[in-house]
Amino acid sequence: MSQSTKFVFVTGGVVSSLGKGIVAASLGRLLRSRGYSVSIIKFDPYINVDPGTMSPFQHGEVFVTNDGAETDLDLGHYERFIDTNLTSLNNITSGRIYSNVINKERRGDYLGATVQTIPHITDEIKNAIKEVANCLAPQFLICEIGGTIGDIEGLPFVEAVRQFRYDVGTKNACFIHVTLVPYLKAAGEVKTKPSQHSVNMLRNVGIQPDILVCRSEVELEETHRRKLAQFTNVDPESVIQCVDLDSIYEVPLAMEKEGLAHRVLEKLNVDSPEPDLKSWKALVQSLKNPSKTVNIALAGKYTGLSDAYLSVIESLKHAAAQNDARVNIHWVDTETCATLADAQAKLAGVDGVVVPGGFGNRGIEGKINVIQYAREHNLPFLGLCLGMQCAVIEFARHVAQLNGAHSGEFEDTAPHLVIDLMDHQKSISDLGGTMRLGQYPCHLTKGSLTEKLYAAEGHSDVVMERHRHRYEFNNDYRQMLIDAGLIISGTSPDRKLVEVVELPQHKYFIGCQFHPEFLSRPGKSHPLFQGLIRAAMGLPQTFEEGQQVTTSEVASPVSSTKP
Ligand code: GLN
C-alpha cells in the first residue's frame with residue numbers, strides 16, 4: 001500500500017440524511033485547495049452489488065463514472081467538489097464485498113476455513129480501501145460509511161475501519177463523526193443528548209471520534225460545545241458546528257471557517273498551508289447573488305424528487321451561475337401532459353425545457369408532447385439520453401411522417417422503431433450491468449451548433465462523454481430523418497452510433513444520447529447546459545457571432561443495418 005496516503009473515516013449519527021456526503025466532499029475540497037490530492041470512497045451497506053438496479057424513487061439518481069460504474073449519487077457530489085474523476089473502486093457496497101467473498105469461497109481460496117464476517121468480510125473491506133490507496137495513490141483518502149451508527153448492516157464496515165486505523169497507526173488515520181444537534185423550538189434549546197448517545201454507540205464498537213461535526217439549525221453556543229466535548233471525549237476545538245445553509249457549495253467555506261481541514265491535518269501530522277479558495281468563493285458569490293432569473297422546465301416522471309435528477313439540477317445551477325442567473329426549476333410531470341394542449345399549459349412561463357434520462361413507459365407520450373411543443377414554438381430544448389430518444393421519435397412522427405414511430409423499449413411491434421436495441425444486446429436478459437456504460441468518444445460534426453458550443457469552451461471535435469443506456473438511434477432511419485431536416489451533430493468515431501442530434505432554424509434544440517450532467521463542475525459548466533441556459537436567457541452563444549450553423553451530416557457511410 002502507498003505509504004504516504006492518510007485516511008479519514010466519516011461516520012454519521014442520530015439520523016440519516018445529515019449531509020455526511022457533503023461534509024466529506026467539503027473536506028475533500030479544503031484539502032484540494034491546499035494543494036493535496038484527494039480521493040473519496042463511499043461505503044454503502046446494502047446488499048445490491050451496485051445501485052444500478054435501484055429505483056431513483058428510493059435511492060436518487062445513479063451516478064456514472066468514466067470507467068462505467070453505476071454508483072451512489074454522493075460520488076457526483078464528490079467529483080463536483082474535489083474536481084477529480086472517481087472510479088468503480090470508489091463505491092463499495094456490502095453486496096460487492098459479500099459477492100467477492102462468496103466467489104473466493106466457491107473457488108476454494110479459503111483453503112477449508114470457516115468463512116466468517118470477521119475476518120473474511122472485514123478483510124475484504126480493508127483490501128478495498130487498500131486497493132484505492134494503491135491504484136489511485138491519493139495523499140488523502142476519505143471514506144464515508146453510509147447509514148447511521150447503530151445500523152446492523154453497517155457493523156462490518158465500522159469494524160473494518162477500526163482495524164484499519166489500528167493497522168496503519170493513529171498518525172495515519174482519523175475519525176470524523178457527523179451528528180445532529182437538534183433545536184427544540186418549544187423549549188428554545190439545543191439538545192446534545194442524542195449526539196452523546198451516538199458517540200457512546202461508536203465507542204461501544206471501539207471507535208473514539210477525533211472530530212465531531214454537529215449539524216444544527218442554529219448556531220451552537222460555547223456551553224454546548226464544551227458539554228459535547230466533555231461527554232464525548234473530543235477536544236473542544238474539534239467540536240465543529242455545521243449550520244444549515246442555502247447552498248451546498250457554501251459548506252466548504254463554512255467548514256474552513258470552523259477549522260475542519262486544519263484539525264484533520266493536525267491530527268494526521270501534516271502541514272496545513274493556507275487554502276486557495278478564491279474561485280470557490282467567486283462561485284458561491286455568483287450562486288447567491290445573481291441579478292437575473294431563468295425558468296427551466298424539467299419534464300420527467302420523478303417530479304419534485306430532486307435527488308432523482310440531482311446532477312441535472314446541479315448542471316443547470318452551474319450554467320445559470322456562470323451567466324449571473326438563478327435557475328428556477330419548474331417540475332413538469334409528463335404523465336399530466338397527455339395532449340399537446342396539456343404540454344402547452346404546463347410549459348407556460350418557462351424559458352427552456354430539459355427532458356432528462358429515464359427508463360420505462362410511464363409518461364413517454366407526455367415527454368413527446370412536451371418536445372413537440374418546444375420544437376414548434378422555438379422553446380430552447382435539451383434532451384438527455386431518453387430525452388434525446390423521445391426527440392427522435394417526435395421528429396420521426398411529426399416531421400418525417402413516420403406514423404407510429406417509437407422505441408423498441410416501449411412498443412417493439414411499432415411500425416417504425418427509430419430507436420432500438422443494438423443487435424448484440426438482443427440476447428441479454430439480465431438487467432444488472434448490461435448497458436452501454438461509462439465514457440466513450442463522440443465525434444462532433446464540423447459546423448454544427450453542438451460542435452461550436454464545445455469549441456467555444458475549448459474542446460476539440462472529439463469529446464469524451466458518459467453513457468448509461470441500452471437503446472440506440474436506429475440507422476435504418478438515419479438517411480430518412482436527415483432528409484427530413486434532422487442534423488446528426490455527434491457520432492461514435494466510426495460513425496456507426498448517433499450520439500447527438502440537433503435542429504436548424506431553432507433557438508436551441510439538442511438531444512444527446514450521453515449524460516453531460518455527469519461532467520458539469522461548479523465554475524466549469526458543461527457546454528450543452530451553458531448553451532441551453534444562454535438560449536433560454538436570450539443571450540447570444542459564446543462562439544463568435546456570424547459563424548453560421550449550416551451543416552447537416554451528409555449521407556452516412558454506414559450500411560443500413562441496425563446499430
Ligand atoms: N431507457 C433508455 C435506454 O435504455 C434511456 C436510458 C437513459 O435515459 N439513461 O436506452
Side-chain angles (χ1 to χ4, degrees), residues 8-32 38 40-45 51 56 58-61 63 71-82 86 90-91 142-151 154 157 175-183 190-192 194-195 198-199 202 209-220 224 228 234 238-261 263-264 280 283-284 287-288 305-311 313-314 317 522:
V8 182
F9 298 108
V10 181
T11 54
V14 184
V15 291
S16 58
S17 306
L18 267 182
K20 260 191 316 286
I22 300 295
V23 171
S26 298
L27 173 62
R29 173 76 263 159
L30 296 177
L31 295 171
R32 290 274 290 127
V38 175
I40 313 189
I41 298 181
K42 173 77 188 285
F43 291 121
D44 278 314
Q58 284 188 24
H59 197 69
E61 93 179 351
F63 186 81
T71 70
D72 184 77
L73 53 74
D74 270 326
L75 267 80
H77 286 310
Y78 301 162
E79 281 201 352
R80 290 186 282 270
F81 275 59
I82 65 175
L86 301 176
N90 293 84
N91 192 193
I142 301 170
C143 307
E144 177 195 347
I145 300 179
T148 308
I149 283 301
D151 295 347
F157 288 102
F175 289 104
I176 298 179
H177 190 55
V178 183
T179 181
L180 177 74
V181 180
Y183 173 70
V190 301
K191 291 292 182 189
T192 61
S195 297
S198 172
V199 172
L202 201 52
D210 298 289
I211 295 168
L212 213 55
V213 174
C214 303
R215 294 280 293 106
S216 165
E217 261 178 82
V218 296
E219 299 262 333
L220 297 185
H224 303 131
L228 279 161
V234 171
S238 296
V239 176
I240 283 174
Q241 67 170 5
C242 184
V243 180
D244 296 351
L245 293 162
D246 294 338
S247 157
I248 53 171
Y249 297 105
E250 289 178 68
V251 178
L253 302 180
M255 290 300 89
E256 178 59 20
K257 229 162 136 195
E258 285 282 316
L260 175 65
R263 292 272 92 82
V264 167
W280 199 269
L283 163 83
V284 168
L287 278 167
K288 286 194 76 166
L305 277 176
S306 48
D307 274 0
Y309 302 116
L310 185 66
S311 293
I313 293 170
E314 293 309 310
K317 284 188 201 162

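Residues take their numbers from the sequence shown, with the count starting at 1.
Two residues are said to be in side-chain contact when any heavy atoms from C-beta on lie closer than 4.5 Å; F81 and S26 meet this criterion. Between V284 and S247, the closest side-chain pair of non-hydrogen atoms is not below 4.5 Å. Residues I142 and V38 have side chains in contact (heavy-atom distance under 4.5 Å, counting atoms from C-beta outward). Between T179 and V199 there is no side-chain heavy-atom pair separated by less than 4.5 Å. Side chains of L180 and P194 form no contact here, defined as non-hydrogen atoms less than 4.5 Å apart. With contacts defined as side-chain heavy-atom distances shorter than 4.5 Å, the pair L202/H177 qualifies. Using a 4.5 Å cut-off on side-chain heavy atoms (C-beta onward), L212 and C214 make contact. The side-chain heavy atoms of R215 and V14, taken from C-beta on, include no pair separated by under 4.5 Å.
In this structure, the separation between CD1 on I240 and CG on L228 is 12.5 Å, given to the nearest 0.5 Å. Summarising the geometry, atom CD1 belonging to I176 is positioned 4.5 Å from atom CD1 belonging to I211; distances are rounded to the nearest 0.5 Å. The structure places CG of D151 at 11.5 Å from OG1 of T11, a figure rounded to the nearest 0.5 Å. Atom CG of L27 is separated from atom CD of E256 by 10.0 Å, given to the nearest 0.5 angstrom. With rounding to the nearest 0.5 angstrom, the CZ atom of F63 is 9.5 Å from the CG atom of L73. For the atom pair R80 CZ and I22 CD1, the distance stands at 8.5 Å (nearest 0.5 Å).
For E61 against A308, the heavy-atom pair with the smallest separation is CB-O, 3.4 Å. The shortest heavy-atom contact between E217 and D244 is CG-OD2, 3.7 Å. The nearest pair of heavy atoms linking V251 to C242 is CG1-SG, 4.3 Å. Closest of all the heavy-atom pairs between G146 and K42 is CA-CE, 3.8 Å. When all heavy atoms of L30 and A261 are compared, the closest pair comes out as CB-CB, 3.7 Å. Here the closest heavy-atom approach between residue A25 and residue I40 is recorded as CA-CD1, 4.0 Å.
Judged by distance alone, the side chain of W280 and the main-chain N or O of Y249 form a donor-acceptor pair under 3.5 Å. Not a single donor-acceptor pair under 3.5 Å links the side chain of R29 to the backbone N or O of P252. Q241 places a side-chain N or O within 3.5 Å of a backbone atom of L220 that can act as its donor or acceptor partner. No donor-acceptor distance shorter than 3.5 angstrom exists from the side chain of R263 to the backbone of S238, with no hydrogens or angles considered. At least one donor-acceptor pair closer than 3.5 Å links the side chain of E79 to the backbone N or O of L86. Under the 3.5 Å distance criterion, the side-chain polar atoms of K20 are matched with a main-chain donor or acceptor of G147.
For the side-chain contact (heavy atoms from CB on, under 4.5 Å) with H77, the lone residue among I82, D72, L310 that qualifies is L310.
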